[in-house]
Protein chains: 2
Amino acid sequence: MSEQPLILVTNDDGIHAKGLRELVEVIQLFGEVIVISSEVSMSGKACSITVDYPLRAVPVEKIHGAKTYKCNGTPVDCVKLSFNSLLDRTPDYVVSGINHGANSSISVIYSGTMGAAIEGSLHGVPSIGFSLDDFNPDADFSKAKMIVAKVFQSVMENGIPEFTCLNVNIPKGKPEGVKVCRQAHGKWEEEFQKGTDPHGRDFHWLAGYFKNFEEESVETDIHALNNNFASVVPVTVDMTCYKTMEQLKSWKF
Amino acid sequence: MSEQPLILVTNDDGIHAKGLRELVEVIQLFGEVIVISSEVSMSGKACSITVDYPLRAVPVEKIHGAKTYKCNGTPVDCVKLSFNSLLDRTPDYVVSGINHGANSSISVIYSGTMGAAIEGSLHGVPSIGFSLDDFNPDADFSKAKMIVAKVFQSVMENGIPEFTCLNVNIPKGKPEGVKVCRQAHGKWEEEFQKGTDPHGRDFHWLAGYFKNFEEESVETDIHALNNNFASVVPVTVDMTCYKTMEQLKSWKF
């Protein structure tokens with residue numbers, strides 16, 4: 001009998017997040033799961049790595065029977081450490097999430113959930129980040145798990161081209177289905193709440209709203225979510241803007 | 001007389017880094033400079049943002065006569081805060097660096113220097129990250145500054161297409177010139193040094209070497225640096241892998 005696939009599961013909401021536990025539960029149907037995550041929230045940690053102090057990974061209570069480690073690093077650190085030091089064999093898949101809150105459009109560049117998936121793809125294995133468009137810590141993941149199972153099944157059947165991962169965003173409620181699409185063009189606006197702390201010092205707290213630069217009818221990840229579909233965006237690690245590169249070649253330096 | 005351009009300068013090595021001071025010195029030739037940076041190193045912070053606690057920006061001693069703020073956030077936080085709350089008028093340019101160490105190839109996704117430049121481009125202004133291929137805290141930036149001046153001058157003349165920024169890497173010593181190129185395809189390998197701390201606990205400290213997957217003759221940023229040229233790679237915020245997107249459309253979910 002062939003060995004079960006080994007699936008590394010991580011997230012950026014921390015080891016106690018409901019979304020992580022729900023993801024472990026559904027991904028276990030497909031293979032042996034190992035979990036590694038931070039004890040604290042790593043939301044918004046993007047692809048950040050820890051260079052100034054050492055990392056530790058400590059076994060903790062299993063999640064749904066899966067071997068689980070807590071780690072003092074970022075989601076990318078968790079993936080790097082697992083591949084390089086922690087595990088006896090190379091994972092066959094990296095799965096990150098289920099994030100509490102969408103990581104559609106430009107949020108992909110800030111997302112720790114997607115940082116982990118991008119890092120997984122750099123290690124040469126199919127990697128997926130899953131996010132639910134609901135920030136509630138006690139969100140209902142029951143329908144989202146059906147999308148996770150569908151997408152993971154497809155990835156097992158088809159693979160993902162090397163150095164590409166999937167950014168999967170799932171609407172609240174009951175999704176109508178799955179759409180493959182591109183990242184919407186948009187950004188976050190008016191991003192700080194000002195205040196004064198108990199000691200009289202000014203502070204600025206990151207907030208704001210997402211502004212979509214696309215026409216409403218254009219098929220993007222935001223469009224999919226707005227129409228109650230889960231979005232699947234393939235994400236590359238090559239950030240070169242090739243069109244601009246050609247323009248720049250005429251510049252005189 | 002028309003107003004001088006306002007240039008926001010930041011970095012990821014912290015406010016005391018030599019590379020920041022050298023960058024301020026050269027960029028001041030082109031306009032009014034405002035500096036904002038962290039007191040501590042933000043190396044490897046990528047595009048990370050701070051959501052779990054408030055940010056503060058405090059005026060500190062000027063750098064080469066330029067108004068300077070220290071901030072408790074990441075490079076991206078510094079840019080967001082400057083555009084949204086700190087400055088009286090919108091900066092015309094964002095310039096980040098000069099980083100101590102190259103940010104070529106895949107390092108673009110981990111780099112705080114490039115995080116700041118990417119964020120600048122999202123705010124709709126021409127943005128550039130500069131890095132010197134020398135980790136020495138007391139590196140010689142004299143030749144690098146000539147490249148910075150050349151590239152900045154070109155950007156003032158030509159602009160940069162919206163939502164694109166430049167990743168400029170400069171070799172040690174005296175560069176032969178400037179090459180516009182794409183990000184090399186590569187990754188970091190064997191990334192942890194293991195040890196035991198004074199309290200008997202195991203630790204893992206991020207280390208490793210860069211592995212270039214490209215043929216030696218292919219023109220990339222790594223190739224430029226290896227041949228003593230500064231590299232200029234335009235960087236996009238759209239991480240969609242369009243080729244894979246087309247493949248995925250045939251999948252059945």
Side-chain angles (χ1 to χ4, degrees), chain A residues 41 43-52 54-57 80-81 84-85 106 108-110 115 118 122 150-151 154 158 160-161 164 177-178 180 182-183 185 187 190-192 194-195 201-206 232-242 244-245 247-249 251-253, chain B residues 41 43-52 54-56 77 80-81 84-85 106 108-110 115 118 122 150-151 154 158 160-161 164 177-178 180 182-183 185 187 190-192 194-195 201-206 232-242 244-245 247-249 251-253:
Chain A
S41 167
S43 275
K45 291 289 180 197
C47 288
S48 66
I49 52 175
T50 301
V51 290
D52 291 327
L55 299 177
R56 293 189 171 82
K80 282 187 185 287
L81 192 63
N84 286 287
S85 294
I106 195 63
V108 68
I109 72 164
Y110 304 118
I118 290 168
L122 279 167
K150 265 189 192 178
V151 171
S154 293
N158 298 284
I160 305 176
T164 309
V178 175
V180 173
R182 66 171 170 81
Q183 171 188 329
H185 180 39
K187 70 179 283 272
E190 290 180 4
E191 298 167 302
F192 289 90
K194 292 182 195 184
R201 298 176 301 180
D202 292 341
F203 68 75
H204 308 262
W205 207 313
L206 191 58
V232 176
V233 177
V235 169
T236 175
V237 297
D238 182 1
M239 297 190 76
T240 309
C241 183
Y242 287 92
T244 303
M245 189 176 87
Q247 289 175 37
L248 256 61
K249 285 192 170 164
W251 287 17
K252 276 178 195 131
F253 290 105
Chain B
S41 168
S43 275
K45 291 291 179 195
C47 288
S48 65
I49 51 175
T50 301
V51 290
D52 291 328
L55 299 178
R56 293 190 170 83
D77 290 332
K80 282 187 185 289
L81 192 62
N84 286 287
S85 295
I106 195 63
V108 68
I109 71 165
Y110 304 118
I118 290 167
L122 280 166
K150 265 188 192 178
V151 171
S154 293
N158 298 285
I160 304 175
T164 309
V178 175
V180 174
R182 65 172 172 79
Q183 172 187 330
H185 180 39
K187 72 179 282 274
E190 289 180 7
E191 298 168 301
F192 289 90
K194 293 183 195 183
R201 298 177 302 181
D202 292 341
F203 68 75
H204 309 262
W205 207 314
L206 191 59
V232 176
V233 176
V235 169
T236 176
V237 298
D238 182 1
M239 297 190 75
T240 310
C241 184
Y242 288 92
T244 302
M245 190 176 87
Q247 290 175 37
L248 256 63
K249 284 189 169 166
W251 287 18
K252 276 178 194 131
F253 289 106

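Each chain gets a letter, A, B and so on, in the order the sequences are listed, and its residues count up from 1. Values in this document were obtained by computation on a predicted structure and should not be read as measured data. Values reported hereafter were calculated over all heavy atoms of this structure, with side chains retained and with hydrogens, waters and symmetry mates removed.
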Undergrad: Are the side chains of R201(B) and R56(A) in contact, using a 4.5 Å heavy-atom criterion?
TA: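 A side-chain contact under 4.5 Å exists here.
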Undergrad: With a 4.5 Å limit on heavy-atom distance, are the side chains of I118(A) and I109(B) in contact?
TA: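 Side chain of I118(A) against side chain of I109(B), heavy atoms only: contact under 4.5 Å found.
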Undergrad: What option among S41(B), S43(B), C47(B) has the most heavy-atom pairs under 4.5 Å with chain A?
TA: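 Max contact count across the listed options: C47(B).
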Undergrad: At a heavy-atom distance under 4.5 Å, which candidate from P54(A), G44(A), S48(A), G195(A) has the highest pair count against chain B?
TA: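 So the answer, after comparing P54(A), G44(A), S48(A), G195(A), is P54(A).
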Undergrad: Tell me, for D202(A) versus chain B, whether the close heavy atoms (under 4.5 Å) come from the side chain, the backbone, both or neither.
TA: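 The backbone, not the side chain.
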Undergrad: In terms of heavy-atom proximity below 4.5 Å to chain A, should I106(B) be classed as side chain, backbone, both, or neither?
TA: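 For I106(B), side-chain heavy atoms alone lie under 4.5 Å from chain A.
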Undergrad: Quick check for you: among I160(A), L122(A), V151(A), V232(A), which has the greatest number of heavy-atom pairs under 4.5 Å with chain B?
TA: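 Answer, by heavy-atom pair count under 4.5 Å with chain B: L122(A).
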Undergrad: So does Q183(A) get a backbone contact from the side chain of T240(B), meaning a donor-acceptor N/O pair under 3.5 Å?
TA: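 Yes, the answer is positive, given that a donor and an acceptor are paired below the 3.5 Å cut-off.
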Undergrad: Find the distance between CD (E190(A)) and OG (S85(B)) and round it off to the nearest 0.5 Å.
TA: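 Nearest 0.5 Å value for the CD-OG distance: 10.0 Å.
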Undergrad: I need the residue from V237(B), N158(B), V178(B) with the largest number of non-hydrogen atom pairs under 4.5 Å to chain A.
TA: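 The residue among V237(B), N158(B), V178(B) with the greatest pair count is N158(B).
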Undergrad: Between D52(B) and W205(A), which heavy-atom pair has the shortest distance, and what is it?
TA: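 Heavy atoms of D52(B) and W205(A) come nearest at O-CZ2, 3.5 Å.
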Undergrad: Counting C-beta onward and ignoring hydrogens, is there a side-chain heavy-atom pair between H185(A) and D238(B) closer than 4.5 Å?
TA: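 A side-chain contact is absent here, since even the closest heavy-atom pair is not under 4.5 Å.
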Undergrad: Nearest 0.5 Å, please: how far is OG1 in T50(B) from NE2 in H204(A)?
TA: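 With rounding to 0.5 Å, NE2 (H204(A)) is 13.0 Å from OG1 (T50(B)).
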Undergrad: Could you tell me if the side chain of L55(A) sits less than 4.5 Å from the side chain of F192(B), heavy atoms only?
TA: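 Yes, close enough: below the 4.5 Å cut-off.
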Undergrad: Side chain to side chain contact (heavy atoms under 4.5 Å, CB included) for Y242(A) and T236(B)? Distances and angles first, verdict last.
TA: CA-CA 9 Å; Y242(A) 287 92; T236(B) 176; over 6 Å; no
Undergrad: With a 4.5 Å limit on heavy-atom distance, are the side chains of V233(B) and M245(A) in contact?
TA: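 Not in contact.
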Undergrad: Specify which of K150(A), K187(A), K249(A), K194(A) makes the most heavy-atom pairs with chain B at under 4.5 Å.
TA: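 Top count of heavy-atom pairs under 4.5 Å with chain B: K187(A).
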Undergrad: Tell me, for V51(A) versus chain B, whether the close heavy atoms (under 4.5 Å) come from the side chain, the backbone, both or neither.
TA: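 Both parts, backbone and side chain.
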Undergrad: Any non-hydrogen side-chain atom of Q247(A) less than 4.5 Å from a side-chain atom of P161(B)?
TA: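 Yes, their side chains come closer than 4.5 Å.
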Undergrad: What option among G177(A), S154(A), P234(A) has the most heavy-atom pairs under 4.5 Å with chain B?
TA: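 Ranked by heavy-atom pairs under 4.5 Å with chain B, first place is P234(A).
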